[in-house]
> 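Provided herewith is a single structure, encoded as structure tokens, for subsequent inquiry.
One-based numbering, in listed order, for ligands and for the atoms of each. Both backbone and side-chain heavy atoms feed into the values below; hydrogens, waters and symmetry mates do not.
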Amino acid sequence: MTIMVLNGPNLNLLGQRDEKTYGSQTLVDVKTLLQVTFPAIEFIFLQSNHEGDLVDAIQSARTGTIDAIVANWGGFTHSSVAIHDALELLQLPKVEVHISNIHAREEFRERSITGKAMDGIITGFGIFSYVLGVHAALHLSAKS
Ligand code: CA2
């Protein structure tokens with residue numbers, strides 16, 4: 001089983017800034033947590049600050065070698081029609097995750113444009129949201 005884990009803009013700075021909101025762990029820690037928690041799963045892990053790179057990654061998941069996507073679209077969550085449209089064309093389990101609780105923050109974070117094209121959203125559990133996201137993806141894969 002291969003799961004693509006996508007991360008959007010500024011998440012490369014995780015653990016280096018705004019620890020009150022996002023905690024002190026880094027994106028490398030997220031990757032390690034997933035690999036240790038799910039040793040039988042192969043993770044393709046990517047972070048990009050560029051919308052087009054993320055669209056390309058979504059399109060590349062259509063090759064048949066990827067079983068599910070778990071993604072934190074970062075700020076693009078609230079703005080990207082392009083990522084939304086790419087996701088709509090992808091028939092795989094798709095789980096959106098957020099480290100912070102997007103419903104307990106500024107009003108502009110309330111709306112997830114990308115989330116409308118995902119199977120579901122996990123938000124507010126720190127980096128454990130990624131672990132829950134993989135569990136949700138496994139659940140969806142087992143059903144399909
Ligand atoms: O809570 C999340 O995971 C978010 O997706 C993070 C995004 C934010 O725009 C979403 O509303 C919620 C921001 C990622 C920025 O990452 C930073 C990491 C460290 C320090 C500052 C920002």
Side-chain angles (χ1 to χ4, degrees), residues 1-62 66-143:
M1 168 129 208
T2 304
I3 296 184
M4 185 179 263
V5 181
L6 298 176
N7 294 279
N10 298 309
L11 284 161
N12 53 314
L13 298 179
L14 201 61
Q16 297 174 37
R17 308 252 199 302
D18 201 355
E19 291 187 21
K20 233 178 106 217
T21 308
Y22 299 114
S24 58
Q25 284 162 304
T26 66
L27 209 52
V28 172
D29 294 328
V30 174
K31 188 178 180 187
T32 304
L33 175 65
L34 292 182
Q35 285 169 336
V36 167
T37 310
F38 303 99
I41 297 177
E42 187 191 340
F43 291 103
I44 295 177
F45 205 89
L46 178 94
Q47 186 277 329
S48 178
N49 293 326
H50 305 284
E51 193 175 24
D53 286 350
L54 295 166
V55 170
D56 286 346
I58 295 163
Q59 290 187 3
S60 78
R62 297 166 70 200
I66 306 293
D67 298 294
I69 285 192
V70 173
N72 182 349
W73 304 116
F76 287 144
T77 303
H78 318 293
S79 68
S80 181
V81 174
I83 291 176
H84 168 278
D85 291 349
L87 287 166
E88 273 202 333
L89 298 170
L90 183 66
Q91 302 290 317
L92 283 181
K94 294 164 279 189
V95 182
E96 180 165 307
V97 299
H98 297 286
I99 296 165
S100 63
N101 179 354
I102 60 172
H103 301 296
R105 300 184 63 191
E106 302 96 324
E107 202 179 330
F108 67 83
R109 295 186 203 275
E110 275 282 336
R111 184 177 66 153
S112 171
I113 290 180
T114 51
K116 289 187 194 298
M118 303 292 277
D119 291 298
I121 304 175
I122 292 162
T123 187
F125 299 95
I127 68 167
F128 192 62
S129 290
Y130 286 82
V131 173
L132 296 172
V134 171
H135 276 299
L138 292 174
H139 170 72
L140 292 168
S141 295
K143 281 204 310 184

> Can you pull out the closest protein heavy atom to atom 1 (O) of ligand 1? Residue, atom name and distance to 0.1 Å, please.
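Sorting protein heavy atoms by distance from atom 1 (O) of ligand 1 puts Ser100 OG, 2.5 Å first.
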> Of all the non-hydrogen atoms in the protein, which one sits nearest to atom 8 (C) of ligand 1, and at what distance?
Arg109 NH1, 3.2 Å
> What is the closest protein heavy atom to atom 15 (C) of ligand 1, and at what distance does it sit?
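Result: Asn10 CB, 3.6 Å.
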> Counting non-hydrogen protein atoms only, what is the nearest one to atom 2 (C) of ligand 1? Give residue, atom name and distance.
Ile99 N, 3.3 Å
> Which pair of non-hydrogen atoms, one from Gly133 and one from Val97, has the smallest distance, and what is that distance?
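Answer, listing the atom of Gly133 first, then Val97: CA-CG1, 3.8 Å.
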> Quick one: nearest non-hydrogen protein atom to atom 20 (C) of ligand 1, plus distance?
Arg17 O, 3.2 Å
> Check whether any side-chain heavy atom of Met1 lies under 4.5 Å from a side-chain heavy atom of Glu42, and answer yes or no.
no
> For the residue pair His78 and His98, does the interplanar ring angle fall in the parallel (under 30°), tilted (30 to 60°) or perpendicular (over 60°) class?
parallel
> For residues Ala68 and Leu92, report the shortest heavy-atom separation together with the two atoms involved.
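Nearest heavy atoms, Ala68 then Leu92: N-CD1, 4.3 Å.
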> Do you know the tightest heavy-atom contact between Glu51 and Ser80?
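Answer, listing the atom of Glu51 first, then Ser80: OE2-OG, 2.5 Å.
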> Students should be able to answer this: which protein heavy-atom is nearest to atom 13 (C) of ligand 1, and at what distance?
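Checked against all protein heavy atoms, atom 13 (C) of ligand 1 sits closest to Tyr22 OH, 3.4 Å.
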> How about Asp29 and Thr26: does a side-chain donor come under 3.5 Å of a side-chain acceptor?
yes
> So does Asn10 get a backbone contact from the side chain of Asn49, meaning a donor-acceptor N/O pair under 3.5 Å?
yes
> When you measure from atom 19 (C) of ligand 1 to every protein heavy atom, which one gives the shortest distance, and what is it?
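Of the protein heavy atoms, Leu13 O, 3.4 Å lies nearest.
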> Is any N or O atom of His98, backbone or side chain, closer than 3.5 Å to an N or O atom of ligand 1?
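So ligand 1 has an N or O lying under 3.5 Å from an N or O of His98.
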> Can you find an N/O atom of Asp18 closer than 3.5 Å to an N/O atom of ligand 1?
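It does not: no N or O of Asp18 is found under 3.5 Å from an N or O of ligand 1.
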> Return yes or no for this condition: an N or O of His78 is under 3.5 Å from an N or O of ligand 1.
yes
